[in-house]
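Throughout, protein chains are lettered first and strands after them, A, B, ... in sequence-line order, and every chain is numbered starting at 1.
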There are 2 protein chains.
Amino acid sequence: MGDQRFKDSVETTLKVIGGKWKLVILCHLIDGVRRFGELKRDMPHITQKMLTQQLRELELDGIIDRKVYTQVPPKVEYSLTEYGLTIKDVLNVLSKWGDQHQQIIPPLPADDR
Amino acid sequence: MGDQRFKDSVETTLKVIGGKWKLVILCHLIDGVRRFGELKRDMPHITQKMLTQQLRELELDGIIDRKVYTQVPPKVEYSLTEYGLTIKDVLNVLSKWGDQHQQIIPPLPADDR
DNA sequence: CGGGATCCCTAATGATACTG
DNA sequence: CAGTATCATTAGGGATCCCG
């Protein structure tokens, strides 16, 4: 299991969906199409810059689609690509693990860690 | 799926095993006990400081065990705790996904991205 | 509304030297 | 061998202003 190839694959995954925001963004897109403003509203802690930036990177990696409606005011919709849908398995496992972890090792009280 | 609780659980996971190194370290521990020097040798890019630091955090989160042999020269062994073994599912899914990704979106040639 | 462009700061990481 | 301790560096991220 822990051989070189296995490790390389994990590192590849980290490069693509690692970081502070990408998986969270994908959580919001997993249920369907979302507008930029919706994403921003549902993630109060992310800045506009970060959101834009991370969306671009996900788009470049073929995970999400960006559809621009040329109208005033502008409207941009984001959604998972067919390939991006494969991320569901990953999200499910991560969510399940985090869920267990919270029960076994509860977060420190009144603290964000 | 993409509800608040789901998202929170994913974020919890990211806090515990997120970052650049922890999952890679766990890859090496998944096959069994490893000494500090072995880990360092098998991860040429990590610095001693980072390795120590990340190991401490994993220990605090109950994922790995640290066994110190009081002898000269010193000997310290790291291994997954029983609870830490639950990380296997996560690693498998991440490795599998990264493996597919490499085939579909091959890394840029002669570049580290 | 959905950005882009700047400036700026800090937390994370690295390099290096030292030690029980 | 398995770490500390310290200093230097950098990348990630935030605040703000501007724009079609």
Quiz prompt | Nucleotide nearest Pro74(A) when distance is taken to its side chain, options dG14(C), dG2(C), dG3(D) | solution =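 It is dG2(C).
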TODO: Ignoring the backbone of Lys49(B), work out which of dG2(C), dA15(C), dA2(D) is nearest its side chain.
DONE: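 Comparing dG2(C), dA15(C), dA2(D) against the side chain of Lys49(B), the answer is dA15(C).
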Between [X] and [N], does any side-chain N or O lie under 4.0 Å from OP1 or OP2?
X	N	value
Arg56(A)	dG3(C)	yes
Arg34(A)	dG2(C)	no
Lys20(B)	dG14(C)	yes
Arg35(B)	dC1(D)	no
Arg41(A)	dG2(C)	no
Tyr78(A)	dG3(C)	yes

In whole Å, what is the span from the [atom1] atom of [X] to the [atom2] atom of [N]?
X	N	atom1	atom2	value
Met43(B)	dA2(D)	CE	P	13 Å
His45(B)	dA15(C)	NE2	C1'	15 Å
Ile25(A)	dG13(D)	CD1	C1'	13 Å
Arg66(A)	dG4(C)	CZ	C1'	11 Å
Gln71(B)	dG20(C)	CD	P	19 Å
Trp21(A)	dG13(D)	CH2	C1'	9 Å
Gln53(A)	dG2(C)	CD	P	18 Å
Met50(B)	dT4(D)	CE	P	13 Å

Can you name the nearest heavy-atom pair linking [X] to [Y], along with the distance?
X	Y	value
Gly98(A)	Thr12(B)	O-CG2, 3.8 Å
Tyr78(B)	Ile64(B)	CD2-CD1, 3.9 Å
Leu26(B)	Ile63(B)	CD2-CG2, 3.9 Å
Lys22(B)	Val16(B)	CD-O, 3.2 Å

- 5'-most by nearest nucleotide on DNA chain D - Pro73(A) or Gln54(A):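 So the residue in question is Gln54(A).
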- Between Ile46(A) and Glu38(B), just flag the one whose closest nucleotide in DNA chain D comes earlier from the 5' side.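 So the residue in question is Glu38(B).
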Check your understanding: Touch check for Gln48(B), heavy atoms < 4.0 angstrom, all strands: base, sugar-phosphate only, or nothing?
Key ->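 Contact class for Gln48(B): base.
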- Task: Looking at every strand, decide which applies to Lys40(A) at a 4.0 Å heavy-atom threshold: base, sugar-phosphate, or nothing.
- Result: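 Lys40(A): no heavy atom of the nucleic acid under 4.0 Å.
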inquiry  = Please report the interatomic distance NZ(Lys40(A)) to CZ(Arg35(A)), rounded to the nearest 0.5 Å.
reply    =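 Reported to 0.5 Å precision, the distance equals 15.0 Å.
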